[in-house]
Amino acid sequence: MLKSLRARMLAAVSAVLLVTTFSAMFLAQKETEKAMFSAQDNNACNLVSTLALTIEQQYAGILAHKTATLESRKTEAKNITLLAVSYIDSFHQKYKAGLLSEAAARKGALEKVKTLRYNDNTGYMWINDTGRPFPRMMMHASIPDLDGKLLDAPRFNCALGIKKNLFQAFVDVCLEHGEGYVDYLWPKPTRAGLTPRQAKLSYVHIYKEWDWVVGTGFYIDDIESESRRQLNSFLDDLKQTFSKIRIAESGYLFVFNGQKESLVHPMVKGDAANIKNPLSGNYLLDELMAAAESSVGYFDYTWNKPPEFKDQFQFRKRAYMVYCHDLDWYVGASVYVDEIEAPGKIVRSKVFWFSLVLLVPAFILVGLLVGSLTRPLQKLTTGAGEVERVGIGAAGMDIHIPVGGTIETQKLGTVLEKMIQSTRDALLEKQRLLGELENNYSSLSKANRQLQREISDRKDAEETLQKLRHLLSNVIDSMPSMLMGIDSGELINLWNLEAEKITGITAILAHGRNPVELIPQFVCEMELVRRAGRTRAPIKKTKVPFRINGQSRFADVTVYPVFSESDSKQVEGAVIRIDDVTEQVRIDGMMIQSEKMMSVGGLAAGMAHEINNPLAGILQNIQVISNRLQDGNPKNERTAKECGTSMQTIWNYMEKRNVFHMFDSIVESGKRAAQIVSNVLEFSRKDEANQVPHDLADLMEKTIMLAGNDYDLKNQNRFNDIDISREYAAHMPKVRCEAAKIQQVLLNLLKNGARAMTGEDSQKEHPLFTLRLMPDPESGWARLEVEDNGPGMDQDQRKRVFEPFYSTKNVGVGTGLGLAVSYFIIAESHGGTMTVESSPGRGSNFIVRLPLEGSAR
Amino acid sequence: MIDYSRVRVLVVDDESCIRESLVGFLDDFDFQVTSAGSSEEALEILKDNPQDIAVMDLRLPGISGDAMIIKAGKLYPHMRFIIHTGSVDFKISEELKIVGMKQEHIFLKPLPDLTRIVDTISQFMEEGDSYGGS
């Protein structure tokens with residue numbers, strides 16, 4: 001697209017030409033159209049204003065004529081009335097001068113005034129008095145029947161448009177102002193007699209001396225009708241004039257009044273209040289009236305265009321409105337907007353066609369100009385193209401660049417020709433050099449490839465080694481055992497992460513040191529290392545006691561001899577593995593203890609059961625024997641008699657030989673044995689039905705109260721002197737257990753502790769129990785501790801303390817079953833554990849763990 | 001003193017020294033006492049010699065004491081039973097309740113005061129019909 005210079009130049013110049021022409025054309029069209037429209041618009045607007053002005057002036061003329069007529073009538077009426085008053089006064093003067101009696105003077109005056117007629121005899125006078133409430137007619141020139149009558153008839157209620165009694169109105173005006181005009185309706189005397197009531201105006205004047213109201217009336221109906229006639233003829237003129245005026249093609253003028261009656265309109269006659277604007281939904285005349293009042297002075301709307309488009313309300317229309325205040329008329333001109341725009345449109349199309357015609361020669365000129373400029377360049381391009389196609393090598397030796405056209409193109413041609421020549425020379429030289437270079441390159445690249453291969457092989461090997469080393473060190477560090485390597489000189493060369501953790505010595509510090517330096521206790525194990533070297537086999541020593549960080553711990557030590565890489569018989573050192581087995585040793589100990597207790601418990605229970613029967617044989621038969629030795633029993637007496645003796649004799653013998661006391665001893669011993677048996681039987685009893693959730697703190701407190709009231713404790717051991725410290729966890733969950741049994745265990749622990757703290761062995765000044773309760777939801781145990789600060793136990797005592805019949809008490813103090821029973825209650829009946837922590841001088845802490853409800857054990 | 005001479009009591013225990021102690025004790029109170037060493041023997045006796053009360057051991061060779069009570073209770077509805085045993089954990093079952101047994105009718109061996117058995121029999125006499133009838 002547009003690759004050639006010629007095409008581009010043509011396109012550019014054409015584009016500039018087109019843009020300029022069309023911009024100018026568009027601007028011209030726009031402005032012309034605006035100006036034309038504005039001229040039409042102003043024209044219509046001015047026309048309406050002018051017409052409105054003319055109408056107002058005409059109306060003002062009619063009004064002026066009307067006012068002048070009325071004024072002349074008023075003056076006439078006033079003059080005649082004043083003349084009548086002057087006649088009356090002359091009669092009064094005569095009476096005053098004594099020439100006439102008063103009655104004669106009055107009569108004369110009335111007669112005189114009666115004769116006063118004017119206006120072709122239709123004008124007359126009357127006189128009435130100022131009587132209240134209704135005046136009386138003194139004289140009426142036109143209707144003599146009224147003379148002397150009281151003027152109270154309803155037909156006189158016609159004054160001032162407010163239905164007031166006419167004559168009262170006259171009197172009111174005269175009494176107030178002395179004279180005045182009153183308008184009313186009254187029959188009119190014509191040559192043909194009286195007409196129905198007509199609009200009339202009267203002038204009245206008071207004559208004070210006799211309190212007479214003198215007046216005359218004149219009809220004004222003819223003035224009104226005259227001005228109406230003038231207005232109508234004016235309207236007719238308007239209709240004539242308006243029908244001749246056309247604005248644009250079909251625009252017309254119209255007039256309507258404030259009552260929305262169309263006065264002048266080519267189509268609408270009469271009432272136009274109901275014409276609606278279908279687009280806005282408002283009454284059209286309301287909108288037009290609003291436009292007349294507005295500052296704009298016109299109103300735009302869409303309307304139909306009869307007769308062709310009677311039902312299509314889609315033609316934009318503009319109404320120019322002016323309001324004439326005096327007449328309450330609205331004068332308007334209505335025009336279709338497209339008609340105002342039409343002249344502008346015609347001019348626009350003319351401008352368009354003219355521009356188009358002008359463009360044709362302009363284009364031809366541009367074509368010629370561009371051609372003359374680009375032709376020499378084209379020739380140059382063709383020559384250069386030839387060079388490109390054929391090349392400047394051997395084949396293109398005879399190609400030459402044409403030189404011609406403008407100065408610039410000539411110069412360009414010469415330069416090109418020279419360049420081609422020098423390039424040809426350089427090309428030949430280059431070809432020669434390339435040949436030489438190629439030979440050298442092939443031998444060099446071969447050597448290069450060899451070298452690259454070697455480097456990459458070595459890199460791979462190194463990476464693999466690095467990875468392996470990393471893996472190995474990771475494996476060693478992740479071992480849970482402490483690993484220590486030593487070389488043949490017994491110096492450390494391996495020290496893993498676990499070793500760092502346990503000893504707190506870093507690998508960097510440990511390397512190259514003797515293990516005994518770091519762990520002095522290790523001196524015994526070095527012999528093990530040497531032995532492994534000699535036998536060339538791993539050696540393991542289990543449960544070696546160690547002290548680390550002040551704690552005694554147990555460890556399994558395994559020594560693996562390390563052999564030389566070259567000679568597998570040569571030992572080069574050893575790897576020592578040390579495992580901390582403290583926890584395992586502890587658990588093993590506990591398991592042994594527990595198993596021992598279980599077997600002992602089972603044995604005791606089995607034995608106890610078998611002992612109950614012989615005990616029953618002993619105890620129950622003794623009772624029978626006792627019964628049979630009693631005197632007073634007829635059977636006994638009878639048998640004694642048969643034997644030749646009496647019960648009394650036998651009883652005496654028994655008593656004297658102390659046999660009864662011995663029987664008592666037998667019963668007592670039997671009962672004790674039975675008690676022991678029943679205690680032992682408790683070992684294997686399980687009564688889960690009675691186990692319900694209990695608050696351990698509550699059980700503890702109840703047991704403390706029980707212990708305080710215990711007879712033995714009270715008397716021998718001053719239980720209440722012992723301080724009790726309670727460390728109960730705040731939110732201790734309830735524990736499912738048998739309350740009585742747990743209380744039995746607690747009471748036993750309290751009793752034992754109290755005895756230990758207050759006994760003879762104890763030097764404690766302040767015996768103290770520390771009672772603890774804490775949940776351990778994670779392991780699912782509730783933990784209960786009873787700690788005393790008594791003399792404590794040595795290891796042997798501690799191991800055997802739960803065994804049945806093991807007692808530290810003096811003979812006779814206890815059966816040695818208390819703790820054993822407690823143990824079995826916790827372990828067998830409740831699935832818990834019971835342990836003790838104690839050492840001499842440090843007191844004893846008995847720890848009971850009971851399973852928490854709902855936790856998996 | 002209450003007259004027990006019309007009350008017939010059967011003592012069942014496989015161990016003679018215990019059986020004899022009970023027989024001797026009850027005999028001194030004028031009860032009509034019979035004894036048996038096993039449940040089978042006891043059932044045989046009951047066929048011809050009706051009894052009012054049986055004092056039963058539980059662990060017996062052959063038919064156990066509680067099974068014997070259930071059997072006898074069905075055959076002889078007027079009979080009442082007392083258990084005299086060394087089994088600490090024994091509980092009265094529903095079937096035993098049907099024949100009128102309660103937890104307080106169990107006495108554990110050794111029973112140093114046998115008058116408690118006599119007291120229980122007196123209680124049965126108060127609750128039940130006149131003994132020594134049919």
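Only this structure's heavy atoms are used, side chains among them; waters, hydrogens and symmetry mates stay out. Computed from a predicted model, the values in this text were never measured in an experiment. In what follows, every chain begins at residue 1, and chains take the letters A, B, ... in the order their sequences are listed.
Considering CG of A/Asn613 and CG of B/Asp13, their distance stands at 7.0 Å, rounded to 0.5 Å. Rounding to the nearest 0.5 Å gives a distance of 10.0 Å between CD1 of A/Ile625 and OG of B/Ser21. Taking CG of B/Asp30 as the reference point, atom CG of A/Asn633 lies at 8.0 Å (rounded to 0.5 Å).
Here the closest non-hydrogen pair linking A/Ala674 and B/Pro110 is CB-CG, 3.7 Å. Across every non-hydrogen atom of A/Asn621 and B/Cys17, the tightest pair is ND2-O, 3.1 Å. Nearest heavy atom pair, residue A/Ala616 against residue B/Ile18, reads CB-CD1, 4.0 Å. In terms of heavy atoms, A/Asn612 sits closest to B/Gly86 at ND2-O, 4.1 Å.
Salt bridge absent: A/Lys635 and B/Asp28 never bring a charged side-chain N and a carboxylate O closer than 4.0 Å.
Enclosure of atom OH in A/Tyr653 is not indicated, since only 12 or fewer non-hydrogen atoms of other residues, nucleotides or ligands lie within 6.0 angstrom. Other residues, nucleotides and ligands place no more than 12 heavy atoms under 6.0 Å from the CD atom of B/Glu95.
Chain B forms more heavy-atom pairs under 4.5 Å with one residue of A/Ile611, A/Val624, A/Ile622 than with any other, namely A/Val624.
A/Gln623 places none of its side-chain heavy atoms less than 4.5 Å from the side chain of B/Leu111. The shortest distance between side-chain heavy atoms of B/Asp27 and A/Arg628 falls below 4.5 Å.
Residue contact with chain B, scored on non-hydrogen atoms closer than 4.5 Å, is absent for A/Glu668.
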